[in-house]
Amino acid sequence: MRPFAYLRAADAPSAVAASAERPNTMYLAGGTNLVDLMRLGVAVPETLVDVSRISSGAVEESADGALLIGAGVRNSDLAADPLVRRRHPMLAQAVLAGASGQIRNMATVGGNLLQRTRCSYFQDVTKPCNKRQPGTGCPARAGDHRNLAIIGHSESCVATHPSDMAVALTALGAIVHVEGADGPRTVPMPGLHRLPGDEPDRDTVLDPGDLVTAVEVPPLPFAARSRYRKVRDRASFAFAVVSVAAALDVADGVVRDCRIALGGVAHAPWRAETAEAALRGSAATEAVFARAADAELAAARPLADNAFKVPLTRNVLVRTLIDLVETS
Ligand SMILES: Cc1cc2nc3c(=O)[nH]c(=O)nc-3n(C[C@H](O)[C@H](O)[C@H](O)COP(=O)(O)OP(=O)(O)OC[C@H]3O[C@@H](n4cnc5c(N)ncnc54)[C@H](O)[C@@H]3O)c2cc1C
Ligand code: SF4
């Protein structure tokens, strides 16, 4: 690992100022992703600004019933929070489906949102990779892409976003609070993470030096009936092959409203707006769920070795919606 300077910021504005004053600065939270990437030589910051203690480590309820989750909240604490578990079970389930107990004790909400792809070429500095080194090419497209994107990818990059938590937050329409050089602002989800286009080195719409300070989850009463279902190669300690976060509001056998996001299929958590539109006002039956899933996945463009993800995603989505109806 290359030598680097270490600073501990006192608050969000001073973290942003410290980042602006020094070239090649990165924020350090739990370090469970960044330190691995530094060891691999993928990330080579000259300065680390430790932000793990500055942002709120609390989940708070605002006057309008939204939950404000500090960027420094540890993943374990988020998953155990009684309000999160009662109001947004899919969020608690998504966090618990990720990593291991030890990692969740260290990992923060801000770091989880901004963790980098697990594409093996990205993590191997002896290989070309447009995301790590723009213009060098994408060996995954013709190489190992079994677990990479089936939708929204580009010639430049076919990587997937790895966070389970971000999939649930996308379904819930979370709002990310950011402190930047021009002060605070908010970024909606979906909208934080980008599709790769011809700039796959940019995972998100954030600018260098932007600091995530909190994530707001707006009130969504029917999300009390929600679920996160993840398919992975091992029972634990494995990233999603595909995943579904869904909430369903059914009355008299008809879908009044729903929220769906997909993980493991794209460069960003994928809000399934086509499926949602097909479901609203329709009968809550397996046949309708299957048609909605097919409508969403009509945009899929699988690669040679990951076409299996299309029927897998369809089946996981349909099963998740059936489960939500049966447990209502
Ligand atoms: C073995 C293993 C298995 C895993 N399995 C899963 C899994 O199944 N599902 C899953 O979702 N995750 C999984 N993870 C990833 C894990 O969830 C992330 O490593 C963790 O959430 C990152 O959080 P952190 O606080 O440690 O971030 P860090 O490693 O400190 O930072 C990650 C990135 O975010 C930036 N950053 C951190 N905080 C901020 C902030 N407030 N504002 C702006 N930028 C910031 C950093 O600069 C860095 O680029 C796994 C990790 C490991 C090591
Ligand atoms: S898929 Fe993206 S991250 Fe993976 S090698 Fe290609 S450019 Fe790099």
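Everything numeric here is computed off the predicted structure, so don't read it as measured data. Counting convention: from 1, in listed order, for ligands and their atoms alike.
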Contact between Val95 and ligand 1, counting heavy atoms under 4.0 Å? no
For [atom], what is the nearest protein heavy atom, given as residue, atom name and distance?
{"atom": "atom 4 (Fe) of ligand 2", "value": "Cys119 SG, 2.3 Å"}
{"atom": "atom 47 (O) of ligand 1", "value": "Tyr27 O, 2.5 Å"}
{"atom": "atom 14 (N) of ligand 1", "value": "Phe239 CZ, 3.4 Å"}
{"atom": "atom 10 (C) of ligand 1", "value": "Asp164 OD2, 3.5 Å"}

Taking the minimum heavy-atom distance to [atom], which of [options] ranks first?
{"atom": "atom 6 (C) of ligand 1", "options": "Ala240, Ala99, Gly264", "answer": "Ala99"}
{"atom": "atom 27 (O) of ligand 1", "options": "Gly111, Ala238, Ser19", "answer": "Gly111"}
{"atom": "atom 1 (S) of ligand 2", "options": "Asp201, Leu303, Val158", "answer": "Val158"}
{"atom": "atom 16 (C) of ligand 1", "options": "His177, Gln115, Arg232, Glu179", "answer": "Gln115"}

Give a yes or no on whether a salt bridge exists between Asp144 and Lys127, defined as a side-chain N under 4.0 angstrom from a carboxylate O. no
Which of the atoms of ligand 2 are close to [X], meaning less than 4.0 Å from one of its heavy atoms?
{"X": "Cys129", "value": "3 (S), 5 (S), 7 (S), 8 (Fe)"}
{"X": "Phe122", "value": "3 (S)"}
{"X": "Cys138", "value": "1 (S), 6 (Fe), 7 (S)"}
{"X": "Asn130", "value": "7 (S), 8 (Fe)"}
{"X": "Tyr121", "value": "5 (S)"}

Side-chain donor/acceptor of Arg141 to backbone N/O of Val158, under 3.5 Å: no
Which atoms of ligand 1 are found less than 4.0 Å from any heavy atom of Asn75? 21 (O)
For ligand 1, does [X] get within less than 4.0 Å through its side chain, its backbone, both, or neither, judged by non-hydrogen atoms?
{"X": "Ile103", "value": "side chain"}
{"X": "Arg234", "value": "neither"}
{"X": "Asp210", "value": "backbone"}

Heteroatom distance test (Ala29, ligand 1): nitrogen or oxygen, under 3.5 angstrom: yes
Is it the case that ligand 1 has an N or O less than 3.5 angstrom from some N or O of Thr32?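 Yes, there is a polar N/O contact under 3.5 Å.
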For ligand 2, is Ser156 a contact, meaning one of its heavy atoms is under 4.0 Å away?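 Yes, that is the case, since the closest heavy atom of the residue is under 4.0 Å from the ligand.
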Cys157 near atom 2 (Fe) of ligand 2: N/O/S under 2.8 Å: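 It does; at least one qualifying atom falls short of 2.8 Å.
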At under 4.0 Å between heavy atoms, what of Pro200 touches ligand 2? The answer is neither
